[in-house]
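Here is the structure we will look at.
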Amino acid sequence: MEYKVVVDPVTRIEGHLRMEAVARDGKIVDAVSTGTMVRGIEIIVKDRDPRDVWAFVMRVCGVCTSMHGLSSVRSVENALGIDIPFNAQMVRNIMLGTLNTRDHLVHFYQLSALDWVDIVSALSADPKEASDIARTIGPLSASYTPWGENSPGYFADVQRKVKRFLEVNPDNNLFSTNRWCWGSKLYKLPPAVNLIGLAHYLQALDFQREMCKIQTIFGGKNPHPNYLVGGMACAINMQDPNAINMDRLDFVNRKIEDITEFVNRVYLPDAIAILSFYPEWARVGGGLRNYLSYGDYPMGQMNETDSYLSKRGIVMNRDITKVEEFDPTALDGLQEFVNNSWYKYSVGKDKGLHPSVGETILDYTGPTEKYDWLGPDQPYSWIKTPRYKGQPMEVGPLARLAVNYAAKDAGLVELADASLARWQEMANKFNNQDCGLTFDSWFSTAGRMIARAVDAVRAADFMRTSYDALINNIRGGDESMFNSAKWEPSSWPRDCKGYSLNEAPRGANAHYCHINNRRIVNYQMVVPTTWNGSPRDPMGQRSSFEESLIGTPVAGMEQNNAEMTLAIIRTIHSFDPCMACAVHLYDENGSVIHKINVENQ
């Protein structure tokens, strides 16, 4: 018996994603990932001043906005040969760490927690039992005490507030859009653990708002903070109340401390505990076996990759004994294909192009009316298909874990090993059996979720390292934040190309620019969800989203739309898709099918 499943749109993500899956004999045997928006930012920035492009590309997304602004100024600086002051580099690192930790918190609690946490069950939990369990879910390190808000009274208050909220707004509340899967048999958490997840969901809402204030200190505003080619626009002056003075730096210091506390005391323990109840999800969703990370958080200039706190490289076939080099300039290395996308190339639709000579030419050949199935036998997405030396790659927190583990980064190895040990311990305890978790369990839906929490802890550490370096440099008498040597266009070469390789919350993010006669003549972005969510390449190889669904067990779900959908989106949500980044611009006249359907074929 064969079933076709369509989830369109996949919700609780940024942008519009359609997933199609074919189930046979109790498991998914094929999948199709479609970006249903049309691309266009590259066209918008053409002929503009390179110093202004960051402000345009930042509008790609409402979630990871500052990432694209940072990537843009870095690519222009690379093209023009600009070295930025050390202070500016540290400020950028701090802002990047803020983005990463906040984005991971939002992903786990607001965007994916409801795949695992049953709100209905939480409302019937015993607050004392929740308190007792919460006290056992503590930080991995003895350096941190357990989270303080774990009393029975606290959990009882959360219950009362949420019950009242649902009574007053039954059809228009935080959780109503998830009603389709309430009570699903796929939920396995005890009511008390569901209540813990619900309480921390609400705490994370408040906390992530506070985190944004670091962006406003250095960038003037959020979610679209200011960047500047050549450095940062925020001046350092210890005597000026309107500049970055010691009061503001102390404020940033306190926020970094708060972030570090929350991710260590709440987020990482929560992620491990919740996923420990789902050991079967440590055996599915792994997908591809190749992992790419560009590395980031430079402690020197961008070309000094040895100074990066997070390392660059590739892990092939899950071989964590070695890291292979990534070459960003080889024309036969990184290439984007459009054979299954609604674009065309002047050199032919079957060719791949390096982003430095990439093209964005719309070529929509898809359906113009309502459709039931797109399928892989014709172009089916507004996302291009990137490959490195012909190979698909997974990017994101799991890829960063794999690359940095293979690179023998001591801090990451220690944290990853401790996290795995805790995961094994709790899974065996909660399930009353040996769940067989090993290092390979990282390469799964559940592992990808926990790897994101590990990444948040590491990002907080990088914020601290960068902040301390910034303070020490200022104390040494250096208050410079901007290099003006090549600000004027008259100092630029007539023709130049540049690129930047960056690590966004969702993974490897590359910007390539071509400047001619002081204007942008070509601009290409290869963003994380382009890697993970792209359609098949000319060799028929699937990308991460599609490959990760293969083998997902769906036996007994054939006639249950909600359960089949939940099984699919658990894995897809583990990547935290950002379709707006991948396709860059929404066509408001395009049709969107809001339907979940299971057909007996």
Side-chain angles (χ1 to χ4, degrees), residues 54 57-58 60-61 63-75 77-78 84-107 208 211-229 231-234 244 252-253 255-256 259-260 263 293-302 304-305 307-312 395-397 399-400 403-404 411-412 452 454-470 481 500-511 525 527-528 576 578 581:
W54 67 268
V57 300
M58 191 182 281
V60 165
C61 174
V63 176
C64 48
T65 57
S66 63
M67 186 70 249
H68 290 293
L70 174 60
S71 301
S72 180
V73 295
R74 283 173 167 178
S75 68
E77 288 160 356
N78 178 260
I84 68 170
F86 182 82
N87 292 334
Q89 198 75 281
M90 295 306 100
V91 166
R92 290 180 179 183
N93 284 351
I94 295 168
M95 293 176 70
L96 174 59
T98 303
L99 171 69
N100 274 301
T101 51
R102 178 181 178 273
D103 197 273
H104 293 341
L105 279 178
V106 171
H107 167 260
Q208 54 100 355
M211 297 170 70
C212 295
K213 294 179 180 178
I214 293 179
Q215 297 268 14
T216 65
I217 291 292
F218 293 123
K221 56 182 178 174
N222 189 78
H224 297 97
N226 292 307
Y227 281 93
L228 179 68
V229 171
M232 291 296 294
C234 50
I244 301 299
V252 170
N253 182 45
K255 291 301 174 186
I256 293 175
I259 291 169
T260 302
V263 296
S293 175
Y294 290 153
D296 215 317
Y297 299 96
M299 298 304 290
Q301 293 301 323
M302 288 299 296
E304 299 169 358
T305 55
S307 77
Y308 287 13
L309 297 178
S310 181
K311 305 306 179 185
R312 175 179 298 175
V395 302
R400 285 195 284 269
V403 169
N404 282 275
L412 183 279
R452 192 174 297 273
V454 169
D455 198 67
V457 172
R458 292 288 286 166
D461 291 343
F462 297 157
M463 292 172 71
R464 167 56 56 200
T465 300
S466 300
Y467 177 86
D468 291 345
L470 172 65
M481 194 69 87
S500 68
L501 304 180
N502 323 271
E503 280 297 311
R506 293 160 183 83
N509 181 46
H511 283 221
M525 295 177 281
V527 308
D576 193 10
C578 187
C581 289

Mind running side-chain contact (heavy atoms from CB on, under 4.5 Å) on Arg312 and Val403 for me, showing each step along the way? CA-CA 7 Å; Arg312 175 179 298 175; Val403 169; over 6 Å; no
Would Leu228 and Trp54 satisfy side-chain contact (heavy atoms from CB on, under 4.5 Å), going step by step from the backbone distance to the final call? CA-CA 8 Å; Leu228 179 68; Trp54 67 268; over 6 Å; no
Between Tyr297 and Thr465, is a side-chain contact (heavy atoms from CB on, under 4.5 Å) present by the stated rule, with each step listed? CA-CA 10 Å; Tyr297 299 96; Thr465 300; over 6 Å; no
Could you walk me through whether Thr101 and Met463 pass the side-chain contact (heavy atoms from CB on, under 4.5 Å) test, one step at a time? CA-CA 10 Å; Thr101 51; Met463 292 172 71; 4.3 Å; yes
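Asp103 contributes no side-chain N or O that, together with a main-chain N or O of Leu99, makes up a donor-acceptor pair within less than 3.5 Å. In this structure a side-chain-to-backbone donor-acceptor pair under 3.5 Å is present from Ser307 to Gly300. In this structure a side-chain-to-backbone donor-acceptor pair under 3.5 Å is missing from Arg102 to Cys212. No donor-acceptor pair under 3.5 Å is formed between the side chain of Asn78 and the backbone N or O of Arg74. A donor-acceptor distance shorter than 3.5 angstrom exists from the side chain of Gln301 to the backbone of Ile84, with no hydrogens or angles considered.
Checked for salt-bridge contact, Glu503 and Arg458 miss the test: no charged N lies under 4.0 Å from a carboxylate O.
The CG atom of Asn87 lies 11.0 Å from the CD1 atom of Ile244; values are rounded to the nearest 0.5 Å. Interatomic distance, Ser75 OG to Met302 CE, rounded to the nearest 0.5 Å: 10.0 Å. One distance of note links OH of Tyr294 with CG of Leu501; it measures 5.5 Å at 0.5 Å rounding. Between the CZ atom in Arg400 and the CG atom in Asp296 there is a gap of 8.5 Å [rounded to 0.5 Å]. Separating the NE2 atom in His68 from the CE atom in Met58 is a distance of 10.0 Å, to the nearest 0.5 Å. Note that the CD1 atom of Ile214 and the CD1 atom of Ile94 stand 7.5 Å from one another [nearest 0.5 Å].
The closest side-chain heavy-atom distance from Met299 to Tyr308 is not below 4.5 Å. Within the 4.5 Å cutoff, no side-chain heavy atoms of Ile217 are placed close to those of Lys255. A 4.5 Å side-chain heavy-atom check between Leu70 and Met95 finds every atom pair outside the cut-off.
Here the closest non-hydrogen pair linking Pro528 and Gly507 is CG-O, 3.2 Å. Of all heavy-atom pairs spanning Asn502 and Ser71, the tightest one is ND2-OG, 3.0 Å. Shown here for Pro298 and Met90, the closest heavy-atom pair between the two residues is O-CE, 3.4 Å.
Between the side chains of Arg464 and Asn253, at least one donor-acceptor pair of N or O atoms lies under 3.5 Å.
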